[in-house]
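These numbers come from the heavy atoms of this one structure, side chains and all, not from hydrogens, waters or symmetry mates.
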Amino acid sequence: MNRHTALGLTAFHLNGRAVEVAADPGERLSHALRERLGARDVKVGCNAGDCGACTVLVDGAPVCACLMPVQQAAGATVETLAGLARTDPHGERLVSSFQAHQAAQCGICTPGMMVSAVALLRMVAAPDAAQVQDALGGVLCRCTGYRKIIDAVVDAGAGGALPAEGSGDVGTAIRRLDGLPKVTGTEAFGDDVAPADALVLRVIRSPHAHAGFTLGDLDAFRAAHPGIVAVLTAADVPGLNAFGVIPGFIDQPVFAVDRVLFRGDAVAAVVGEAQAMARFDPADFPVTWQVRDAVMEVEAALADGAPQLHPGRANNIMCGGNVACGDAEAALGRAAVTVEGRFDTSFVEHAYIEPEAGFATMEGDRVVVQACTQAPVMDQDALMQILALPRERIRIVPTAVGGGFGSKIDLSLQPFLAIAAMKTGRAVRMTYERVETMQSTTKRHPASITMRIGADPDGRLCGMTFDGDFNTGAYASWGPTVANRVPIHASGPYRVADYRATSRAVNTTCVPAGAFRGFGVPQSAVAQESLFDDLADTLGMDPLEFRILNALDNGVPTVCGQVFAQGVGIKPCLEALRPAWAAAQADCAAFNAANSASRRGVGLAAGWYGCGNTSMPNPSTIRAGLRADGAVVLHQGAMDIGQGSNTVIPQIFARAFGVPVHQVDLVGADTDVTPDAGKTSASRQTFVTGNAARLAGEALRREVLSLVNAGPDATIALGPGAITVTDGARDFAFDLARLTPNAAGYVLEVVETYDPPTKPLDSNGQGEPYAQYGYAAHLVVVEVDLALGRVRPLRFVAAHDVGQAINPLLVEGQVHGGIAQGMGMALMEEYIPHRTENLHDYLIPTIGDVPPIETLIVEVPDAHGPYGAKGLGEHVLIPTAPAILNAIKRATGARIRRLPATPARVRAALKEAGHA
């Protein structure tokens with residue numbers, strides 16, 4: 001085919017077939033592929049060439065489709081993941097290898113990764129890791145930590161045997177049960193599901209951090225813009241014009257009424273036909289701003305005369321937290337050695353590759369919202385108030401989620417879409433632009449922390465005080481949870497008899513800060529674990545042995561007075577690092593003796609994290625049924641955002657029921673058909689929903705065994721229309737047609753709920769806030785360029801107590817991903833409101849940044865966990881940043897007290913430490 005464009009049509013070959021597409025001049029190839037040709041396997045994460053998710057092959061070369069006008073593809077051969085997975089031998093091999101290595105977690109970046117990998121394998125039959133890093137360097141991933149992707153591509157090229165799968169029983173590694181769609185391009189994310197004729201919604205947002213505003217003549221605006229169907233404002237909210245996640249702190253308006261409190265606050269929405277909205281310029285919207293003084297920092301918000309942002313919050317203090325036991329000041333007074341310091345951290349952006357997206361429609365008098373979310377029932381609860389509708393008239397159908405990490409627990413576009421669908425009676429879609437998601441959605445809280453720690457001459461901890469202020473931005477979001485969780489965790493997983501910790505969440509005119517993998521605990525760990533190293537040095541003790549000496553153990557009270565008789569796994573984690581610690585110190589000493597321009601150091605840190613809500617009800621419910629055709633169906637509403645709940649929870653259920661996991665049919669989250677499994681956050685799904693799945697499996701098993709009066713040790717085998725139970729030497733075949741199906745089509749059905757046992761905290765934070773904690777200890781070797789201040793991690797060793805690894809391969813994936821995010825927090829990630837609102841100015845680790853990671857799985861069973869399992873997701877990130885800071889100090893003597901440790905900050909610290 002000759003390259004040509006004629007009569008407004010652009011012709012090219014797409015995945016082996018000739019296509020013609022009518023497109024606007026300069027229209028992005030990504031848009032034409034997705035919206036005009038249905039190639040939804042091409043993902044769009046930024047529309048700026050920064051993330052690489054939209055990578056396709058054009059005449060064999062990898063290209064960011066968002067940067068190429070479709071007219072430039074005239075006459076070309078265009079290949080996307082869907083075609084490559086189907087017909088290309090390299091693509092087919094990568095499909096298998098990516099699944100075997102768990103190289104796809106959420107799956108949103110996977111098309112870009114795999115397409116780039118095909119281009120590499122066509123040129124280099126058996127690439128090494130460095131060649132893979134070079135070839136895939138333009139594609140960002142936020143979930144995997146990249147190392148599994150590298151392994152998958154290397155193995156796909158080598159052509160050898162891929163990692164073997166286990167049986168699927170608890171404790172064995174199997175491929176993700178939902179993995180195939182991720183690696184073939186058929187997974188449907190929030191921007192993939194809207195009907196073709198849906199209206200398009202755009203939100204009008206404040207360009208100012210703090211301002212009053214007035215809207216102009218909206219009727220005249222509509223009349224001047226053909227194709228615009230509706231304009232929404234606060235007057236169009238049927239019910240409560242506010243949302244939030246914590247009762248008593250429902251303070252963020254759906255649409256601001258007359259003032260805005262951060263750049264990105266929503267004041268209106270414009271809804272129109274797709275072509276009209278493609279031409280719409282938000283600058284044309286009639287709104288007049290009256291700019292007011294902004295308070296962007298905690299100190300400014302607390303100062304006398306600062307604007308008071310919310311009624312009833314004196315000095316802009318939203319809330320606080322407190323834990324106290326013993327007499328911390330007296331203990332510090334008698335300590336042989338004390339250390340203290342102030343540490344500051346920055347806003348951190350979640351940077352998931354999938355922007356918020358979805359659509360809403362009316363089905364009769366019901367509103368149906370399909371969007372990416374971490375908490376479908378929480379979305380439903382909030383929309384009940386906003387829409388003034390009963391629960392049965394709101395349905396939430398989550399799409400696949402292309403990364404969340406906490407921010408997609410909060411509402412984003414759901415209210416806009418639902419109100420628009422109700423007002424217009426039509427399907428309405430929306431996808432956030434990258435600038436919009438970074439400007440308006442929640443971030444990790446910046447923290448200013450002052451801490452003082454003492455020890456006796458033998459190195460035992462003797463008093464600890466902690467004071468932390470957290471910039472919670474304009475609205476509450478998860479600020480109250482951070483303020484309450486941090487004082488509980490700020491001691492780290494250590495025995496501290498005399499302790500006082502206080503925290504404050506302070507409102508500013510910044511973007512709201514919310515949940516992000518750790519709820520404030522990573523910030524507190526930066527201070528606590530850094531000072532632990534300083535304390536060990538002052539005492540002349542080995543930092544690892546100092547931690548082991550002071551680590552919590554079974555029967556030893558936490559700072560909340562909670563005593564665990566079993567399951568405390570921090571000492572085994574620390575002890576697991578001993579061989580790597582000794583070897584790394586020797587290696588660093590040898591390197592430093594031979595080099596003067598760079599220095600190497602090894603650092604370590606530990607962490608703990610309470611799984612689930614703090615001293616609050618935290619239930620999950622699971623439903624399961626057996627059909628007359630012999631199929632067993634698991635209804636589980638726990639959102640899989642890449643962490644693997646769609647695999648782990650069925651594995652737990654299958655073990656409890658007594659059948660292979662591949663015989664379990666999974667029905668995913670949908671508020672019409674799955675009960676509430678709670679939000680995917682706080683490392684709760686494996687523990688809480690896993691326990692509900694175990695109870696459901698056991699209950700269904702009892703129902704089946706009772707059909708034939710079999711004993712509890714009998715085995716169950718499913719077959720077409722029948723079930724066979726073997727009890728010792730006796731076999732019982734039961735014809736399921738003998739049972740009458742219920743309204744849902746099940747001949748047997750069970751529903752089970754699990755809520756972790758906790759107890760409220762008193763005024764001093766004493767009580768039982770969590771039924772279990774998970775534990776971790778990390779070691780990292782870094783190299784510091786003394787002239788440039790550049791820090792390069794060389795390898796990590798991560799020991800994690802997960803109680804029972806339900807699927808060890810998924811454990812490794814979570815460890816890798818959490819370390820990559822912790823590394824970003826430590827060295828490069830700094831969200832600056834109004835400045836770093838894209839993935840070009842805001843830096844996250846790339847495939848070339850993350851070094852090899854060795855995962856040491858420690859299994860100290862927990863009495864409450866399903867088969868002993870503990871949560872994991874949050875824990876991984878907590879020790880990473882302080883371990884890096886401690887490694888920098890051991891390499892150079894320079895103590896970094898403000899994150900991220902950018903080259904400029906490291907260079908300044910190096911000068912202070914005496915390096916020229």
Side-chain angles (χ1 to χ4, degrees), residues 237-256 261 309-314 316-323 373-391 394 396 406-412 414-415 418 441-442 445 470 472-488 503-507 512-516 519-520 610-621 637 639 671 675-682 684 688 753 755-763 765 767-771:
V237 179
L240 179 67
N241 183 30
F243 63 93
V245 291
I246 305 295
F249 295 91
I250 310 299
D251 62 356
Q252 183 164 355
V254 177
F255 294 112
L261 294 184
L309 304 180
H310 292 276
R313 298 180 186 174
N316 291 312
I317 298 172
M318 185 181 69
C319 64
N322 171 67
V323 171
T373 178
Q374 293 180 232
V377 176
M378 286 181 63
D379 290 357
Q380 188 183 43
D381 290 342
L383 289 181
M384 287 169 60
Q385 297 186 66
I386 293 167
L387 304 179
L389 291 177
R391 185 178 302 278
I394 301 170
I396 306 295
S407 187
K408 289 179 183 173
I409 311 174
D410 293 67
L411 287 182
S412 56
Q414 295 92 331
T441 62
T442 60
H445 286 74
F470 293 81
T472 203
Y475 302 111
S477 183
W478 292 95
T481 300
V482 169
N484 286 308
R485 187 176 280 264
V486 165
I488 297 169
S503 63
R504 297 187 296 184
V506 180
N507 284 123
F516 187 174
F519 285 95
C611 300
N613 295 346
T614 306
S615 291
M616 292 172 59
N618 193 19
S620 281
T621 301
M639 286 306 302
T671 56
D676 185 9
K679 63 188 184 298
T680 293
S681 72
R684 63 177 297 282
V688 184
T753 298
D755 192 1
T758 63
K759 293 182 180 178
L761 301 181
D762 65 17
S763 60
E768 297 182 7
Y770 311 106

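Considering only heavy atoms from C-beta on, Thr614 comes within 4.5 Å of Tyr770 through its side chain. Between Gln252 and Ser477, the closest side-chain pair of non-hydrogen atoms is not below 4.5 Å.
Not a single donor-acceptor pair under 3.5 Å links the side chain of Gln385 to the backbone N or O of Leu383. Judged purely by atom type and a 3.5 angstrom limit, Asn322 has no side-chain atom pairing as donor or acceptor with the backbone of Pro487. With Asn316 contributing its side chain and Leu309 its backbone, the two residues share a donor-acceptor pair below 3.5 Å. The backbone N or O of Thr680 lies less than 3.5 Å from a partner atom in the side chain of Gln374, making a donor-acceptor pair. Panel note: side chain Asp251, backbone Ala476; a donor-acceptor pair is recorded below 3.5 Å. Although no hydrogens or angles enter the test, the distance criterion places a donor-acceptor pair under 3.5 Å between the side chain of Arg684 and the main chain of Pro619. His310 contributes a side-chain N or O that, together with a main-chain N or O of Ala474, makes up a donor-acceptor pair within less than 3.5 Å. At distances below 3.5 Å, not a single donor-acceptor pair connects side-chain atoms of Asn484 with backbone N or O atoms of Gly321. Side chain of Ser503 to backbone of Gly320: no donor-acceptor contact under 3.5 angstrom is found.
Residues meeting the ring pair (Phe, Tyr, Trp, His ring centres under 6.0 Å) test with Phe243, sequence neighbours left out: none. Every residue was checked against the salt bridge (charged side-chain N to carboxylate O under 4.0 Å, His left out) condition with Asp755, not counting sequence neighbours, and none meets it.
Between the CG atom in Asn507 and the CG atom in Leu261 there is a gap of 8.5 Å [rounded to 0.5 Å]. In this structure, CD in Gln380 is found 11.0 Å from CG in Leu389, a value given to the nearest 0.5 Å. The distance from the NZ atom of Lys408 to the OG atom of Ser681 is 15.0 Å, given to the nearest 0.5 Å.
Looking only at atom types and distance, the side chain of Thr671 has no donor-acceptor partner in the side chain of Arg391 under 3.5 Å away.
For Phe516 and His445, the gap between ring centers reaches or exceeds 6.0 Å.
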TODO: Please step through side-chain hydrogen bond (donor to acceptor under 3.5 Å, both in side chains) for the pair Asp379 and Thr373, ending with a clear verdict.
DONE: CA-CA 8 Å; Asp379 290 357; Thr373 178; 2.8 Å; yes
